[in-house]
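Working notes, beginning with the structure itself.
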There are 2 protein chains.
Amino acid sequence: MGGGGGTSDRILDAALTSFGSRGFEATSLDTLAKQLDIRKQTILYWFPTKDALLSAVIERSAAELAQAFESGLEGAGEGWAKVEAVVRAVFRLAARRPELLGLVREVARLGPPPATQMIEVLDPLMRRASDFLKAEMDAGRMRRHDPRLLLLAIYSTVIGMVTEVEVLKALGEEPTARSLVRRRADVLELLRSALRIEE
Amino acid sequence: MGGGGGTSDRILDAALTSFGSRGFEATSLDTLAKQLDIRKQTILYWFPTKDALLSAVIERSAAELAQAFESGLEGAGEGWAKVEAVVRAVFRLAARRPELLGLVREVARLGPPPATQMIEVLDPLMRRASDFLKAEMDAGRMRRHDPRLLLLAIYSTVIGMVTEVEVLKALGEEPTARSLVRRRADVLELLRSALRIEE
DNA sequence: CCGCCCATCTACCAAATGGTAGACAACCCC
DNA sequence: GGGGTTGTCTACCATTTGGTAGATGGGCGG
């Protein structure tokens, strides 16, 4: 399968981009095919249904996301440094592969079964993150919150700051690389304050 | 128009709910009609096209949102009290009319022209909010941030905490009224820390 | 009482969409 | 050299979808 894999990988790339930016339902097999200069029957040769294509996109993307989180955690210290490392990793991903984060939003919007599939892959990481936050709070190195709700808040803030392009423009900011850097700084500042222990 | 308005209002209600939860493209005129026990031609009698229906839904929703924000601002004091009042108003809305916030997300996702339409209505409020935050920072009553990015962060966090139901469930929390109260408390705590001036 | 208007419907249309079946060419291996 | 496999295509199908045109019945006003 490695030989002809060029086409199926190109299909997955195009599908990821379109699903993550235009949405799953707004993306037709014909428009994807047109972008790739192939026929939709070729897509259906590699992926028997449109849902199967989505499933393959999610599988690959979830793996890539998990890898990005893992690499963000490598070398990270404790407490805030670790949170910062992960947030920076997500922003790096946003810079290189914005469609991935767009897909995360889209899949969450679609609900089960796509959302379930994505979550099954990311769940171990989410549990580790939650456990880590709880341990830091128990050790008194981080202000006490419900770790799960804190995770949701972090997720919401980070993903929103990265993907809510229309709202960003409405606020007078263009979605440039420079703006992304500033948004990252803001998110880190906000989260650092929220997590800090104060006397 | 008041006489026959029963049907067109019911259409708008059903459309809001479906657009806000399933998405615009995933909602067909036929399925909306079925829910209302009418024919899609009846929908097209009141709204000439599906896009016109969306536009009408946005117009009504944006007005309702603006009103909720305004009412949140009434009676509010200064600084943090004002931010808290607005956040509480949004959570009240989330409890009563969750589909409204779902629509906000969906419209932002769709981009122009729907996003432009929504933003045109909310822009004056966003400017007031931004100006307010800037004035508070200038007066030294609030930690200094870029007011526009802070607004985006607040928007992202609040909307995410309210609407990211799949992620919430993945974190082991059911989207109940009780959970909404706890999420509100968390968001307020997080934002309060972020905005606090510290010595 | 009748005509007009409104609101809902039936019938229909064209295009889009996801999908199936088989043709065909290139390549590889026996 | 021929048969089989792979990957791409054409042709086609059924259903869905957004929309149009005109029929119909109820209600209201002159």
Side-chain angles (χ1 to χ4, degrees), chain A residues 1-60 103 106-107 109-114 117, chain B residues 1-60 103 106-107 109-114 117:
Chain A
M1 188 90 57
T7 305
S8 68
D9 279 342
R10 287 175 58 227
I11 292 169
L12 285 171
D13 285 341
L16 167 60
T17 300
S18 195
F19 291 163
S21 54
R22 287 174 50 79
F24 178 69
E25 297 106 353
T27 300
S28 70
L29 295 177
D30 266 315
T31 57
L32 273 186
K34 214 165 277 166
Q35 282 165 27
L36 294 162
D37 204 25
I38 60 176
R39 300 291 176 268
K40 70 179 167 183
Q41 286 71 44
T42 303
I43 297 176
L44 290 166
Y45 172 80
W46 293 98
F47 306 94
T49 67
K50 190 183 180 188
D51 281 342
L53 175 58
L54 175 63
S55 190
V57 167
I58 291 172
E59 185 174 357
R60 208 176 67 156
L103 185 81
E106 176 65 0
V107 164
R109 183 184 74 83
L110 292 169
Q117 188 189 346
Chain B
M1 187 91 55
T7 305
S8 65
D9 278 343
R10 286 173 62 227
I11 293 169
L12 286 171
D13 285 341
L16 167 61
T17 301
S18 196
F19 291 164
S21 55
R22 287 174 49 79
F24 178 68
E25 296 107 352
T27 301
S28 70
L29 295 178
D30 268 315
T31 58
L32 274 186
K34 213 164 277 167
Q35 282 164 27
L36 294 163
D37 203 25
I38 61 177
R39 301 290 177 270
K40 69 178 166 181
Q41 287 71 42
T42 304
I43 298 175
L44 290 166
Y45 172 80
W46 292 99
F47 306 94
T49 66
K50 190 184 180 188
D51 281 341
L53 174 60
L54 176 62
S55 191
V57 166
I58 292 170
E59 184 174 357
R60 206 175 70 154
L103 186 81
E106 176 66 359
V107 165
R109 184 185 72 84
L110 293 169
Q117 187 190 347

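A, B, ... follow the sequence lines: proteins, then strands. Residue 1 opens every chain. None of the values given here were measured: they were computed from a predicted structure.
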Candidate nucleotides dT6(D), dT10(C), dT8(C), ranked by approach to the side chain of R39(B) - the nearest
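Per side-chain heavy atoms of R39(B), the pick is dT10(C).
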Counting only N and O atoms by type, is there a donor-acceptor contact under 3.5 Å from the side chain of S55(B) to the main-chain atoms of D51(B)?
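Judged by distance alone, no pair lies under 3.5 Å.
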Backbone N/O of A14(B) and side chain of S18(B): donor-acceptor pair under 3.5 Å:
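No, S18(B) side chain to A14(B) backbone: no donor-acceptor pair under 3.5 Å.
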So which pairs with a foot in residues 20-45 of chain B pass salt bridge (charged side-chain N to carboxylate O under 4.0 Å, His left out), sequence neighbours left out?
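Checked against salt bridge (charged side-chain N to carboxylate O under 4.0 Å, His left out) - neighbours excluded - the pairs reaching residues 20-45 of chain B are E25(B)-R109(B), D30(B)-K40(B).
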Qualifying residues under salt bridge (charged side-chain N to carboxylate O under 4.0 Å, His left out), relative to E59(B), sequence neighbours excluded:
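Salt bridge (charged side-chain N to carboxylate O under 4.0 Å, His left out) list for E59(B), sorted by chain: empty.
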In whole angstroms, how far is the [atom2] atom of [N] from the [atom1] atom of [X]?
X: F47(B); N: dA7(C); atom1: CZ; atom2: P; value: 12 Å
X: L54(B); N: dG18(D); atom1: CG; atom2: C1'; value: 14 Å
X: I38(A); N: dC9(D); atom1: CD1; atom2: P; value: 7 Å
X: L36(B); N: dT8(C); atom1: CG; atom2: C1'; value: 13 Å

So do F47(A) and L12(A) actually touch side chain to side chain, heavy atoms under 4.5 Å?
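In contact.
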Measuring only between side-chain heavy atoms, which start at C-beta, is F19(A) closer than 4.5 Å to L53(A)?
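Contact flag for F19(A)/L53(A) side chains = yes.
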Expected string for nucleotides 11-23 of chain C under the B/S/- scheme (protein heavy atoms, under 4.0 Å, primed atoms plus P, OP1, OP2 as sugar-phosphate) is B-----SBBBB--
Considering just the side-chain nitrogens and oxygens of [X], establish if one lies under 4.0 Å of OP1 or OP2 belonging to [N].
X: W46(B); N: dC6(C); value: no
X: T42(A); N: dG7(D); value: no
X: Y45(A); N: dG7(D); value: yes
X: T7(A); N: dT8(D); value: yes

